[in-house]
Amino acid sequence: MRVEIWSDIACPWCYVGKARFEKGLAAFAHRDEIEVVHRSFELDPGRAKGDTEQVVDMLAQKYGRTPEEARGMEANVAANAQAEGLGYRTEGRDHGNTFDIHRLLHLAKARGRQDELLARVYRANFAEERSVFDDAVLADLAVEAGLDADEARAVLADPDAYADDVRADEREAAELGSNAVPFFVLDRRYGISGGQPAEVFVQALEQAWKDRQVTGLTQVGGEAAACDTDGSCEVPQQEVSDQRV
């Protein structure tokens with residue numbers, strides 16, 4: 001059974017949601033028979049390559065908050081990430097266009113290293129002091145994920161490399177009705193939006209496995225924190241304590 005995950009590296013709930021999904025998958029009896037495919041979704045496609053700014057400044061401007069309030073929003077996300085055993089820096093992170101990262105992830109998919117690169121880029125973006133919007137850093141991360149350095153640099157240098165694959169993923173998300181990420185699709189029958197608790201993923205996997213002859217896409221789980229198409233990732237203040245099935 002295939003699970004497809006639409007996400008963006010700039011989305012903190014995609015980072016947290018990946019960890020929660022993996023916990024749910026680890027508890028699923030048929031986990032070894034699940035194929036996980038990561039799909040592309042850009043939260044800020046209109047931003048030019050090389051146009052970066054600090055995340056705190058971006059949040060303050062987007063939501064009309066003070067820098068202190070924006071730092072509070074980041075601290076709340078950090079608490080959720082840390083509850084999943086993830087590192088999360090609340091200061092000094094960059095925000096920028098993620099198209100090149102998605103192109104590189106498609107190279108990694110072709111080489112069987114997609115999940116390794118995604119995990120490495122997430123960690124660099126959210127937990128380490130490394131800007132994933134720098135081509136040299138991206139090439140280094142690709143090597144750390146097991147890709148060939150020259151091939152990764154060639155993809156980054158060619159704006160057309162894997163561009164059609166990224167756009168195809170984004171069109172497919174729109175066709176499925178997704179306007180926020182993370183968005184999980186189980187065997188093209190069940191859809192899950194947001195960074196749901198691990199228990200929701202376990203239940204959804206079990207249901208999808210049992211009902212493999214069902215057609216059409218059914219939403220599973222209630223509302224959960226996500227990032228939508230205008231780039232908004234505002235965090236519910238009680239997200240940590242309200243993680244209930």
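Please read these numbers as outputs of a predicted model, since none were measured by experiment.
The distance from atom OG of S178 to atom CD of E170, rounded to the nearest 0.5 Å, is 11.0 Å. Residue R2 holds its CZ atom at 15.5 Å from CD of E33, rounded to the nearest 0.5 Å. Separating the NE2 atom in H95 from the CD atom in E53 is a distance of 6.5 Å, to the nearest 0.5 Å. Put simply, CG on D140 and CZ on R120 are 9.5 Å apart, with the number rounded to the nearest 0.5 Å. Summarising the geometry, atom CZ belonging to R47 is positioned 10.5 Å from atom OG1 belonging to T98; distances are rounded to the nearest 0.5 Å.
In this structure, L138 and L104 have side chains that are in contact, with non-hydrogen atoms separated by less than 4.5 Å. Taking the side chain as every heavy atom from C-beta outward, V185 and W6 approach each other to under 4.5 Å. Contact of the L141 side chain with the L147 side chain is not registered, since no non-hydrogen atoms from C-beta on lie closer than 4.5 Å. Within the 4.5 Å cutoff, the side chain of R130 has no heavy atoms near those of the V121 side chain. Side-chain contact check for F21 versus V36: some heavy-atom pair is nearer than 4.5 Å. Using a 4.5 Å heavy-atom cutoff, the side chains of F133 and I101 are in contact.
In terms of hydrophobic clustering, with Ile, Leu, Val, Met, Phe, Trp and Tyr side chains grouped at heavy-atom distances under 4.5 Å, V166 and L118 are assigned to different clusters. If you chain together hydrophobic residues whose side chains sit under 4.5 Å apart, Y15 and V56 never meet in one group. Cluster membership check: F201 shares its hydrophobic cluster with V3, using side-chain heavy-atom separations under 4.5 Å among Ile, Leu, Val, Met, Phe, Trp and Tyr. Residues V202 and W209 do not share a hydrophobic cluster, defined by chaining ILVMFWY side chains whose heavy atoms lie under 4.5 Å apart. The cluster map of Ile, Leu, Val, Met, Phe, Trp and Tyr, joined by side-chain heavy atoms under 4.5 Å apart, puts Y122 and V77 in the same cluster.
Residues L43 and A10 approach most closely at CD1-C, 4.4 Å, considering heavy atoms. Closest approach of A204 and I192 over heavy atoms only: CB-CD1, 3.4 Å. When all heavy atoms of A142 and A152 are compared, the closest pair comes out as CB-CB, 3.7 Å.
Judged by distance alone, with hydrogens and angles left aside, the side-chain atoms of E206 form no donor-acceptor pair with the main-chain N or O of Q203 at under 3.5 Å. Remark: the backbone N or O of E128 is paired with a side-chain donor or acceptor of R89 at under 3.5 angstrom. Here the side chain of R113 pairs a donor or acceptor atom with the backbone of A145 at under 3.5 angstrom. Proximity of a side-chain donor or acceptor of R31 to a complementary backbone N or O of A26 within less than 3.5 Å is detected. A donor-acceptor distance shorter than 3.5 angstrom exists from the side chain of T66 to the backbone of E69, with no hydrogens or angles considered. Remark: side-chain polar atoms of N76 are not paired, donor with acceptor, to backbone N or O of G72 under 3.5 angstrom. A side-chain donor-acceptor contact under 3.5 Å links Q196 to the backbone of S193. Judged by distance alone, with hydrogens and angles left aside, the side-chain atoms of R103 form a donor-acceptor pair with the main-chain N or O of V155 at under 3.5 Å. No donor-acceptor pair under 3.5 Å is formed between the side chain of R39 and the backbone N or O of I5. No donor-acceptor pair under 3.5 Å is formed between the side chain of D8 and the backbone N or O of C11.
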Original post:
Should L205 and M1 be marked as a side chain to side chain contact (heavy atoms under 4.5 Å, CB included) after you check the CA-CA gap, both sets of side-chain angles, and the distance that decides it?
Top reply: CA-CA 9 Å; L205 286 164; M1 188 170 74; 4.1 Å; yes
Subject >> Audit row: F183, F41, ring-ring contact (aromatic ring centres under 6.0 Å, His included) steps and yes/no >> reply: CA-CA 10 Å; F183 181 55; F41 192 105; 8.8 Å; no
Subject >> Worked verdict on L105 versus Y162 for side chain to side chain contact (heavy atoms under 4.5 Å, CB included) >> reply: CA-CA 9 Å; L105 283 165; Y162 295 100; over 6 Å; no
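Residue D51 places its CG atom among more than 12 non-hydrogen atoms of other residues, nucleotides or ligands, all under 6.0 Å distant.
For the 3.5 Å distance criterion, the side chains of D211 and Y190 qualify, holding a donor opposite an acceptor.
A salt bridge is defined here as a Lys NZ or Arg NE, NH1 or NH2 lying under 4.0 Å from an Asp or Glu carboxylate O, and D158 with R153 fails to meet this definition. Ion pairing between R111 and E116 fails under the 4.0 Å rule for side-chain N and carboxylate O. Ion pairing of E172 with R188 is present here, as a side-chain N (NZ or NE/NH1/NH2) and a carboxylate O approach within less than 4.0 Å. A salt bridge links K49 with D100: at least one charged nitrogen is closer than 4.0 Å to a carboxylate oxygen. Electrostatic pairing of K23 and E84 counts as a salt bridge here, judged by a charged N lying under 4.0 Å from a carboxylate O.
Each of H102, H106, H38 was evaluated against D169; a single residue qualifies, H106, per the side chain to side chain donor-acceptor pair (under 3.5 Å) test. In summary, of the residues considered (K62, Q54, Q61), a side-chain contact (heavy atoms from CB on, under 4.5 Å) with M58 occurs for K62 alone.
For Y88, the side-chain hydrogen bond (donor to acceptor under 3.5 Å, both in side chains) test picks out E74, R93, with sequence neighbours left out. Partners of E129 according to the side-chain hydrogen bond (donor to acceptor under 3.5 Å, both in side chains) rule, which considers only residues two or more places apart in sequence or in another chain, do not exist here.
Through ILVMFWY side-chain contacts below 4.5 Å, V143 is grouped with nothing and stands alone.
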